[in-house]
Amino acid sequence: MRRYSSDCCFHTSFKVGIIISLVAIGSMMNGCSSALYKPTPENVTSDASLQELQEGRKLYLNKCGGCHTLILPEKHNAKQWKYWVDTMQVKAKINPAEKELILKYLKTNE
């Protein structure tokens with residue numbers, strides 16, 4: 001019969017704790033993503049097509065939301081969003097085309 005050391009239970013508890021934490025973080029991120037506006041034809045401008053806005057939202061969720069809580073687009077103006085996206089571009093590994101799509105999405109719902 002195999003005997004288990006007391007640290008076996010610790011490792012199992014630790015793994016369960018990590019899984020619960022990850023699920024909680026995922027739920028919080030999903031909660032915010034549902035609050036973000038979803039582009040509709042009414043959001044289309046001469047500078048941004050519906051497809052560009054949808055792609056910008058997707059990039060914002062994945063590139064920005066992968067590391068921190070997402071901020072609602074209306075919380076900042078265009079100048080502020082440009083500053084923040086410029087600041088995070090390298091860290092988030094966002095190429096120039098992706099940056100422009102994210103900015104189009106964030107600036108459209110001002």
Side-chain angles (χ1 to χ4, degrees):
M1 183 158 79
R2 189 169 178 181
R3 294 180 188 244
Y4 296 97
S5 66
S6 61
D7 58 291
C8 172
C9 294
F10 169 77
H11 291 296
T12 302
S13 302
F14 182 73
K15 288 177 186 176
V16 169
I18 294 290
I19 290 169
I20 290 170
S21 297
L22 291 173
V23 169
I25 290 168
S27 296
M28 286 188 289
M29 291 176 110
N30 273 344
C32 183
S33 69
S34 64
L36 294 171
Y37 85 97
K38 293 180 180 155
T40 64
E42 292 79 37
N43 301 113
V44 173
T45 66
S46 59
D47 296 330
S49 70
L50 182 58
Q51 183 178 354
E52 288 173 320
L53 295 174
Q54 290 169 335
E55 184 62 25
R57 182 180 191 273
K58 183 175 156 188
L59 287 166
Y60 182 57
L61 289 170
N62 294 327
K63 296 280 188 169
C64 305
C67 294
H68 57 79
T69 303
L70 295 173
I71 298 168
L72 296 174
E74 59 270 16
K75 294 292 182 184
H76 295 299
N77 63 37
K79 185 177 179 181
Q80 291 167 327
W81 276 123
K82 182 169 179 355
Y83 168 80
W84 285 114
V85 175
D86 284 347
T87 301
M88 298 301 298
Q89 183 176 2
V90 173
K91 191 172 187 175
K93 298 180 179 128
I94 297 169
N95 68 43
E98 292 171 328
K99 175 182 145 182
E100 289 308 312
L101 290 170
I102 291 169
L103 285 172
K104 284 181 181 188
Y105 169 72
L106 294 170
K107 294 193 264 185
T108 299
N109 201 35
E110 289 185 323

Measure the NZ-CD1 distance between K58 and I102 for me, rounded to the nearest 0.5 Å. 12.0 Å
Applying side chain to side chain contact (heavy atoms under 4.5 Å, CB included) between L59 and each of K99, E98, E100, report the one that passes. E98
Would you check, one step at a time, whether the test side chain to side chain contact (heavy atoms under 4.5 Å, CB included) holds for V85 with Y60? CA-CA 10 Å; V85 175; Y60 182 57; over 6 Å; no
Under 3.5 Å, side chain of N43 to main-chain N/O of T40, donor-acceptor pair present? yes
Where is the tightest heavy-atom contact between H76 and Q80, given as atom of each residue plus distance? CA-OE1, 3.2 Å
What distance do Y105 atom OH and E52 atom CD have between them, rounded to the nearest 0.5 Å? 15.0 Å
To the closest 0.5 Å, what do you measure between SG (C64) and CG (L106)? 7.0 Å
Once you round to the nearest 0.5 Å, how far does OG1 of T45 lie from CG of L50? 11.0 Å
Is the shortest heavy-atom distance from the side chain of P96 to the side chain of Q89 under 4.5 Å? yes
Closest non-hydrogen atoms of P39 and R57, given as atom of the first, atom of the second and distance, are CD-CD, 3.7 Å
Drop me the distance from T87's OG1 to W84's CH2, to the nearest 0.5 angstrom. 6.0 Å
Could you pull out the closest heavy-atom pair between L36 and P73, with the gap in Å? CD2-CD, 3.4 Å
Is a donor on one side and an acceptor on the other found under 3.5 Å between the side chain of K82 and the backbone of L103? no
Here the pair of heavy atoms bringing L53 nearest to Y37 is CD2-OH, 4.3 Å
Give, for atom OG of S49 and atom CD of Q54, the distance between the pair rounded to the nearest 0.5 Å. 8.5 Å
Starting from Y83, can I reach M88 by hopping between I/L/V/M/F/W/Y residues whose side chains sit under 4.5 Å apart? no
For the residue pair T108 and A48, what are the closest heavy atoms and their distance? OG1-CB, 4.4 Å
